[in-house]
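Data block below; observations after.
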Amino acid sequence: MPRMNRPAGRALLGLSAAAFALAAPVEAQDRDHIVGVSGVFQGYSLAPELGAEAANLLLTPLAYTGEFLNGQFRIDAYGAWGLGQVERGGTAYELNGLLDTRVRFSYRVGPWGVVTMGVSLPTGKETLNSEESVVASVLSTDLLGFRESTWGQGGALTPGFAAATSAGSWNLGAAISYRATREYEPTTQQEVVYQPGNEFRIRAGADRNIGESGRLALGAAVHNYDTDQLDGRNLYQAGYRLRGDASYSWRSGRSTWSVYAADIWRSQGEAIYRLDLQDDPAAPADSTITETVGSQNLLLVGVSGVVPVSTRNRIRPQASFRMQTVEQLETIVQDQNRVGTGSGWLINLGGDFPLRWGTTDFFPKVIGSWGRMKDPQQTSRTFWGGELSLTVRWGR
């Protein structure tokens with residue numbers, strides 16, 4: 001059961017991104033409590049040689065951000081219901097239900113530090129049958145970039161601490177966190193208990209003004225994982241993950257633009273397989289073999305802007321390029337539920353059009369996507385799709 005990605009390990013980051021997308025104001029406002037709800041559809045039409053003809057996700061996230069004690073204490077909460085569908089060989093597979101609920105508590109320690117506690121509540125479906133496992137595996141393909149791929153992972157606690165200071169013209173910051181996971185039963189096919197490996201993360205960042213209207217931001221992060229276990233036995237040792245980020249924003253007339261790049265590299269991992277007499281009559285009892293899982297690299301590059309079209313309205317165009325390379329090792333047992341090999345590239349073009357009616361904000365968004373991915377025979381195949389969404393947000 002080795003995983004080629006780790007959506008559970010990104011829960012705290014995912015919470016922050018979701019809360020920002022649903023709760024960040026269109027422009028600076030003083031709101032202590034903000035509620036946002038979205039309807040999101042993401043879908044792709046794929047070449048049959050990739051292992052599926054179509055993959056879709058319908059998602060309805062709900063997020064809340066509240067500040068208390070004059071902003072010293074903050075709560076971010078995120079929950080969602082999702083419907084995932086995959087078509088393979090003329091057969092439709094489906095996975096639906098609530099996702100795990102994520103809550104983060106933040107307490108500001110003076111002007112320089114923040115203590116956080118993230119809680120992942122096991123409200124989602126964590127035990128999947130064979131058809132649901134197909135959907136979860138396809139939606140977790142990093143190159144496709146689905147917003148959610150895992151309905152339930154047993155719950156977790158993530159304590160953390162972040163601090164910031166300044167040095168000359170630079171603002172500096174660093175953060176550490178540790179995600180402690182809970183075991184759960186992942187499949188209806190076997191009576192087994194799965195314990196995801198705990199995650200340790202350290203991040204650092206710096207930013208400064210450039211010229212009269214520019215701003216440069218840099219960041220780096222390291223993730224390290226404990227060994228995943230199945231029924232108390234070591235199953236998979238994920239490779240450590242490195243991430244680097246850079247962005248530059250500037251003002252041009254009445255418009256604001258930003259370019260960004262990120263590179264996420266995951267080192268080789270180790271899958272541990274138990275052998276018994278049924279697998280190999282010559283194998284000693286309880287013997288195991290260890291095989292190497294290939295490394296991965298994901299490159300993200302993009303540009304976005306805020307362009308006024310009237311005194312009250314603006315558009316926010318965006319374009320991005322995503323490229324993933326996956327090291328293929330012939331000795332490893334391949335997951336038959338995967339789409340292609342994961343290696344390929346994807347271009348996204350589109351944007352949103354923020355609107356306001358009284359104290360309510362609306363964000364209709366359209367994204368078109370086109371890319372190519374390698375199939376198991378290492379032949380590049382074209383796929384295309386996009387995203388339609390509407391976010392509504394209230395605050396006071």
Side-chain angles (χ1 to χ4, degrees), residues 1-11 14 50-60 79-102 120-142 144 146-156 179-198 225-238 269 271-279 286 288 291 293 332-340 342:
M1 197 183 300
R3 300 191 306 282
M4 298 306 291
N5 57 30
R6 297 181 65 91
R10 297 193 295 269
L50 292 174
E53 292 84 60
N56 304 311
L57 173 65
L58 178 64
L59 192 66
T60 57
W81 176 88
L83 169 64
Q85 295 180 321
V86 169
E87 183 178 340
R88 170 179 286 174
T91 301
Y93 301 87
E94 183 175 298
L95 171 58
N96 70 83
L98 292 174
L99 282 67
D100 282 351
T101 300
R102 303 192 287 268
S120 178
L121 303 174
T123 56
K125 179 182 293 188
E126 57 193 39
T127 303
L128 307 181
N129 60 34
S130 58
E131 293 187 1
E132 293 170 332
S133 297
V134 171
V135 179
S137 180
V138 172
L139 295 188
S140 68
T141 305
D142 285 340
L144 299 180
F146 280 104
R147 294 200 185 189
E148 296 285 354
S149 61
T150 303
W151 265 241
Q153 288 208 325
R179 179 179 172 85
T181 60
R182 173 179 170 268
E183 65 182 21
Y184 65 96
E185 297 180 5
T187 176
T188 61
Q189 309 304 305
Q190 304 177 60
E191 293 185 1
V192 294
V193 175
Y194 176 58
Q195 172 69 63
N198 297 333
Y225 305 95
D226 293 338
T227 304
D228 298 349
Q229 294 188 345
L230 193 67
D231 280 345
R233 295 175 177 270
N234 289 349
L235 172 71
Y236 179 57
Q237 177 60 67
I272 302 141
Y273 298 95
R274 179 187 175 189
L275 296 178
D276 55 32
L277 295 181
Q278 185 176 1
D279 297 323
D286 295 334
T288 61
E291 294 186 340
V293 177
I332 196 67
V333 177
Q334 298 296 325
D335 182 356
Q336 298 302 312
N337 288 335
R338 295 178 60 205
V339 167

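Distance check, rounded to the nearest 0.5 Å: CG of L83 to OG1 of T60 gives 10.0 Å. Interatomic distance, E126 CD to E183 CD, rounded to the nearest 0.5 Å: 10.5 Å. Taking CG from L139 and OG1 from T141, the interatomic distance works out to 7.5 Å, rounded to the nearest 0.5 Å. Once rounded to the nearest 0.5 Å, the distance linking OG1 of T123 with CG of D100 reads 5.0 Å. The CG atom of N56 lies 6.0 Å from the CD atom of Q85; values are rounded to the nearest 0.5 Å.
Using a 4.0 Å cut-off between a side-chain N of Lys or Arg and a carboxylate O of Asp or Glu, R102 and E148 qualify as a salt bridge.
Between the side chain of R182 and the backbone N or O of G154 there is at least one donor-acceptor pair closer than 3.5 Å. Formation of a donor-acceptor pair under 3.5 Å by the T187 side chain with backbone atoms of Q189 is found in this model. Without hydrogens or angle criteria, N198 side chain to D226 main chain gives no donor-acceptor distance under 3.5 Å. Formation of a donor-acceptor pair under 3.5 Å by the E53 side chain with backbone atoms of G89 is found in this model. In this structure, the side chain of R88 engages the main chain of G51 through a donor-acceptor pair within 3.5 Å. A donor-acceptor pair under 3.5 Å is formed between the side chain of W151 and the backbone N or O of G97.
Across all their heavy atoms, P122 and G155 have their closest contact at CB-N, 4.0 Å. Residues L59 and A80 come closest through the heavy atom pair CD1-CB, 4.0 Å. Scanning both residues, P196 and T181, for their nearest heavy atoms gives O-OG1, 2.6 Å. In terms of heavy-atom proximity, S137 sits nearest to S140 at O-OG, 2.7 Å. Heavy-atom minimum distance, D231 versus E191: OD2-O, 4.1 Å. Closest approach of L99 and G82 over heavy atoms only: CD1-N, 3.6 Å.
Between N234 and Q229, some side-chain heavy-atom pair lies under the 4.5 Å cut-off. Side-chain contact between V193 and L230: absent, with no pair of heavy atoms (C-beta onward) separated by less than 4.5 Å. R179 has its side chain within reach of S120: a pair of non-hydrogen atoms, C-beta onward, lies under 4.5 Å apart.
Considering only residues two or more places apart in sequence or on other chains, F146 meets the ring-ring contact (aromatic ring centres under 6.0 Å, His included) condition with Y44. Residues meeting the side-chain contact (heavy atoms from CB on, under 4.5 Å) test with L98, sequence neighbours left out: W81. Judged as a side-chain contact (heavy atoms from CB on, under 4.5 Å), and not counting sequence neighbours, the contacts of E132 are L95, K125, L128, N129.
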